[in-house]
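These notes are about the structure you will find just below.
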Amino acid sequence: GAVVSQHPSWVICKSGTSVKIECRSLDFQATTMFWYRQFPKQSLMLMATSNEGSKATYEQGVEKDKFLINHASLTLSTLTVTSAHPEDSSFYICSARGGGWDRGNYEQYFGPGTRLTVT
Amino acid sequence: KNEVEQSPQNLTAQEGEFITINCSYSVGISALHWLQQHPGGGIVSLFMLSSGKKKHGRLIATINIQEKHSSLHITASHPRDSAVYICAVLLGVGTASKLTFGTGTRLQVTL
């Protein structure tokens, strides 16, 4: 299947600093990318959806000024956690899907995740 | 009530056993995904189903659209199959469609 990469795979930062996480689709053009957050032993929670060249659509309760999402190209989306706090510590997963949606191509590919620890 | 229910929540099996994980959902969907998440976090997409049955190696996934139910079967289970298996359904249409996830089934396969 298609490959989605994330960088970094883990990061430790101090409270108050900002952290950027990159998500890349390596062998396909991702028209839509998703950012999820996962707490230990819980399922994935959708944070936002981004379409290339458009502003991200955030889920209810997700602060758009704190979690900045940029989808500048068909192969790259970034999530920036601004002014990080210990409660932002979590596992962040990106996912991407390509075109062909209107033809029933509902495949969605997941990145390996980024573990963020804020001290 | 969660739109996607999985059972069982936890499952322990001995190597070689046939395993079934069930997923029920309450609304109309465009597609259903079965995902695998190993300790350490990475998620692998196993199957995407709109109807019928798919097979890949020792894994088989089926879906019954009328009954709003899907099953994931693992034949001849192996300790490396130990992981969390997540059912996710695609709700909505077009670019606004989104995955809704079940809570996962934690599988442990022992020797």
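All chains are named by letter (A, B, ...) in the order of the sequence lines, taking the proteins before the strands, and each is independently numbered beginning at 1.
Residue B:Ile43 touches chain A through both its backbone and its side chain, counting heavy-atom pairs closer than 4.5 Å. Both the backbone and the side chain of B:Ser30 come within contact range of chain A, judged by heavy atoms closer than 4.5 Å. A:Gln6 does not touch chain B: none of its heavy atoms, backbone or side chain, sits under 4.5 Å away. Both the backbone and the side chain of A:Leu44 come within contact range of chain B, judged by heavy atoms closer than 4.5 Å.
Taking 4.5 Å as the limit, some side-chain heavy atom of B:Gln37 sits within range of a side-chain heavy atom of A:Ile93.
Between the CZ atom of A:Arg97 and the OG atom of B:Ser97 there is a distance of 3.5 Å, given to the nearest 0.5 Å. To the nearest 0.5 Å, atoms CD (B:Gln36) and CZ (A:Phe110) are separated by 13.0 Å. Taking OH of A:Tyr36 as the start and CG of B:Leu99 as the end, the distance is 4.5 Å to the nearest 0.5 Å.
Atom CD of B:Glu67 has 12 or fewer heavy atoms from other residues, nucleotides or ligands within 6.0 Å. Heavy-atom contacts from other residues, nucleotides or ligands closer than 6.0 Å to NE2 of B:His78 number more than 12. Crowding of A:Lys66 atom NZ: a count of heavy atoms from other residues, nucleotides or ligands under 6.0 Å exceeding 12.
Ranked by heavy-atom pairs shorter than 4.5 Å toward chain B, the options A:Ser9, A:Ser95, A:Ser43 are led by A:Ser43. Options B:Val84, B:Thr100, B:Leu35 differ in how many heavy-atom pairs under 4.5 Å they form with chain A, and the most are formed by B:Leu35.
The hydrophobic clustering, which links ILVMFWY residues whose side-chain heavy atoms are closer than 4.5 Å, places A:Phe34 and A:Phe91 together. A:Leu46 and B:Val89 sit in two unconnected hydrophobic clusters of ILVMFWY residues. Membership requires side-chain heavy atoms under 4.5 Å apart, directly or through other members. Residues B:Trp34 and B:Phe101 do not share a hydrophobic cluster, defined by chaining ILVMFWY side chains whose heavy atoms lie under 4.5 Å apart. Both B:Leu46 and B:Ile19 are assigned to one and the same hydrophobic cluster, defined by single-linkage of ILVMFWY side chains at heavy-atom distances under 4.5 Å. A continuous path of hydrophobic side-chain contacts links A:Trp35 to A:Leu116 [ILVMFWY only; heavy atoms under 4.5 Å].
Residue A:Lys41 comes nearest to B:Arg106 through the heavy atom pair CG-NH2, 3.7 Å, listed as atom of the first residue, atom of the second, then distance.
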